[in-house]
Enquirer: 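For reference, the structure I am asking about is given below.
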Amino acid sequence: MTDLKAVLDSIHKELAPRIGEGKVADYIPELAKVDANQFGLSVVTVDGKAYNVGHADVPFSIQSISKVFMLTLALGKVGEGLWKRVGREPSGSAFNSIVQLEHEQGIPRNPFINAGAIAVTDVVMAGHAPREAIGELLRFVRYLADDESVTIDDRVARSETQTGYRNFALANFMRSYRNLDHPVDHVLGVYFHQCALSMTCEQLAKAGLFLAARGSNPMTGHSVVSPKRARRINALMLTCGHYDGSGDFAYHVGLPGKSGVGGGIFAVAPGIASIAVWSPGLNKVGNSQLGAVALEMLAARTGWSVFGD
Ligand SMILES: NC(=O)CC[C@H](N)C(=O)O
């Protein structure tokens, strides 16, 4: 049995001289203010033990990682019918790219690029006022993490509302193809708030533990999704969770994972553990530079890759 504490300590120690690498996202003004010199890593095993190093207890903006939780809610509401609104193929494009949308008549490639996530949010909003949809997501994430202290950072949401021109373009474009049922500003109001969820690595690893444990929370025994749905969400994370860097992440790390421009990466070792890493400096495709390196080291030292050890 791997000594996880020792593995995490060794990764932290080896990466210490590199902390600060990469470039903090600056197209959202509030995120540009984040100190790049931070690094946290949390591993929660399916028997509920948490292993943390570095800044694993510092809340950060989870940004696109929230797309995993919204997708889970949307599938719970409309089931497989969701796939009429969004595809399941890797995009091979940037997370905020607009080009494919026209070719594919307003149906985004997958639920993890921005356009796809905006369509998923629109699905979750059915029958709700925007404020209620935000509340539903926040309650869901708090329930999953078993932690009422998870919050949404309103400053980040406001900052993105004021500057999210590309997301407005994507949403308007989809609305023109009738792939949004609600007014663009309502859908984006919810989307910007979901992206502004503020969580620590440990909270995030706990919230996603059901994906490592056949859809149930192993601590409470409560079922969140069926084993089949958990497997499918993991498949989507593996193929689409890192945008145009998904192939590279699979090649180096070999785990289903979802990144966010806040510098977080959530990853799943099915049947074993759920993992969250945070380091705000991003690489060229907008994924945490050191986060991916840390996960590569973790997968190599534990043998957790889904492709074999
Ligand atoms: N990759 C990301 O994390 C992008 C999320 C961000 N809120 C955006 O819409 O641009």
Side-chain angles (χ1 to χ4, degrees), residues 22-34 59-71 86 90-98 100-101 108-122 124 130 133-134 137 141 152-174 180 184-199 201 204 208 236-237 240-246 248-249 257-267 276-289 291-292:
K23 195 169 165 297
V24 172
D26 57 6
Y27 74 99
I28 301 173
E30 271 308 305
L31 293 186
K33 296 181 188 164
V34 175
F60 64 94
S61 193
I62 73 164
Q63 292 295 318
S64 284
I65 302 171
S66 65
K67 293 169 182 171
V68 178
F69 301 118
M70 253 333 185
L71 172 67
V86 60
S91 68
S93 308
F95 65 85
N96 54 8
S97 168
I98 200 164
Q100 269 167 354
L101 263 187
R109 270 284 167 111
N110 69 65
F112 293 147
I113 51 173
N114 285 11
I118 291 167
V120 168
T121 298
D122 185 65
V124 171
I134 297 167
L137 176 71
V141 173
I152 289 174
D153 187 334
D154 280 319
R155 279 167 314 167
V156 174
R158 216 173 310 126
S159 180
E160 204 176 352
T161 309
Q162 286 158 1
T163 56
Y165 307 111
R166 266 193 184 244
N167 286 321
F168 279 99
L170 292 167
N172 276 300
F173 205 74
M174 284 193 288
L180 283 192
V184 163
D185 55 334
H186 289 193
V187 182
L188 288 182
V190 177
Y191 172 79
F192 293 143
H193 279 82
Q194 80 183 53
C195 290
L197 267 168
S198 178
M199 298 174 78
C201 287
L204 188 55
L236 289 165
M237 286 203 290
C240 311
H242 283 72
Y243 317 112
D244 208 11
S246 299
D248 205 51
F249 188 79
K258 182 73 206 82
S259 67
V261 287
I265 304 177
F266 164 66
V277 62
W278 171 55
S279 180
L282 308 179
N283 63 17
K284 284 198 294 297
V285 282
N287 301 319
S288 173
Q289 178 147 324

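Both backbone and side-chain heavy atoms feed into the values below; hydrogens, waters and symmetry mates do not. Atoms within each ligand, like the ligands themselves, are counted from 1 in listed order. Remember, predicted model here, so these are calculated numbers, not experimental data. In what follows, residues are counted from 1 in the order of the sequence shown.
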Enquirer: Below 4.5 Å, heavy atoms only, C-beta onward: do Leu188 and Glu160 meet side chain to side chain?
Expert: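 No - every pair of side-chain heavy atoms lies 4.5 Å or more apart.
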
Enquirer: Got the closest protein heavy atom to atom 10 (O) of ligand 1, with its distance?
Expert: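 That would be Tyr27 OH, 2.5 Å.
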
Enquirer: Should you measure from each heavy atom of Gly260, which atoms of ligand 1 turn up under 4.0 Å away?
Expert: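 Listed by number with element: 3 (O).
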
Enquirer: Could you report the tightest heavy-atom contact between Gly245 and Asn287, atom names first, then the distance?
Expert: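 Distance-wise, the nearest heavy atoms are CA-ND2, 4.3 Å.
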
Enquirer: Within the 4.0 Å heavy-atom shell around Phe95, which atoms of ligand 1 are there?
Expert: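 Heavy-atom distances to Phe95 below 4.0 Å select 1 (N), 4 (C), 10 (O).
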
Enquirer: Once ring-ring contact (aromatic ring centres under 6.0 Å, His included) is applied, do any residues pair with Phe69, and if so which ones, sequence neighbours excluded?
Expert: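 Applying ring-ring contact (aromatic ring centres under 6.0 Å, His included) to Phe69 gives none.
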
Enquirer: Hydrogens and angles aside, do Thr121 and Gln194 bring a side-chain donor and acceptor to less than 3.5 Å of each other?
Expert: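 Side-chain D/A pair, Thr121 to Gln194: present.
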
Enquirer: Can you figure out which of Glu160, Gln63, His242, Lys67 has its heavy atom closest to atom 8 (C) of ligand 1?
Expert: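 Heavy atom nearest to atom 8 (C) of ligand 1 belongs to Glu160.
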
Enquirer: With a cutoff of 4.0 Å, is Asn114 in contact with ligand 1, counting heavy atoms of the residue only?
Expert: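 Asn114 counts as a contact of ligand 1 under the 4.0 Å cut-off.
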
Enquirer: Given that the side chain starts at C-beta and the backbone is N, CA, C, O, which of these parts of Ser64 lies under 4.0 Å from ligand 1, counting heavy atoms, or is it both or neither?
Expert: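 Contact part for Ser64 vs ligand 1: both backbone and side chain.
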
Enquirer: Using a 4.0 Å heavy-atom cut-off, which part of Phe192 comes near ligand 1: side chain, backbone, both, or neither?
Expert: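 Looking at Phe192 and ligand 1, no heavy atom falls under 4.0 Å.
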
Enquirer: For ligand 1, indicate whether the residue Val261 contacts it via side chain, backbone, both or neither (heavy-atom separation under 4.0 Å).
Expert: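 It is both backbone and side chain that touch ligand 1.
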
Enquirer: What atoms of ligand 1 come within less than 4.0 Å of a heavy atom belonging to Cys195?
Expert: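 Answer for ligand 1: 7 (N).
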
Enquirer: Give yes if a backbone or side-chain nitrogen or oxygen of Ser259 is under 3.5 Å from a nitrogen or oxygen of ligand 1, and no if not.
Expert: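 No: no nitrogen or oxygen of Ser259 is under 3.5 Å from one in ligand 1.
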
Enquirer: Parallel, tilted or perpendicular for Tyr243 and Phe95, by the 30°/60° rule?
Expert: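 Aromatic pair Tyr243/Phe95 classed tilted.
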
Enquirer: Can any side-chain N or O of Trp278 pair as donor or acceptor with the backbone N or O of Gly262 at less than 3.5 Å?
Expert: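 Between the backbone of Gly262 and the side chain of Trp278 there is a qualifying donor-acceptor contact (under 3.5 Å).
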
Enquirer: Who's the nearest protein heavy-atom neighbour of atom 1 (N) of ligand 1, and how far?
Expert: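 Ranking protein heavy atoms by distance from atom 1 (N) of ligand 1, first comes Tyr243 OH, 2.8 Å.
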
Enquirer: Please lay out, stage by stage, how Leu204 and Ile65 fare under the test side chain to side chain contact (heavy atoms under 4.5 Å, CB included).
Expert: CA-CA 9 Å; Leu204 188 55; Ile65 302 171; 3.9 Å; yes

Enquirer: Would you kindly specify which portion of Asn167 sits under 4.0 Å from ligand 1, judged on non-hydrogen atoms: side chain, backbone, both or neither?
Expert: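 It is the side chain that touches ligand 1; the backbone stays farther off.
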
Enquirer: Please identify each residue that fulfils ring-ring contact (aromatic ring centres under 6.0 Å, His included) with His193, with sequence neighbours left out.
Expert: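 So His193 forms no ring-ring contact (aromatic ring centres under 6.0 Å, His included) with any residue.
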
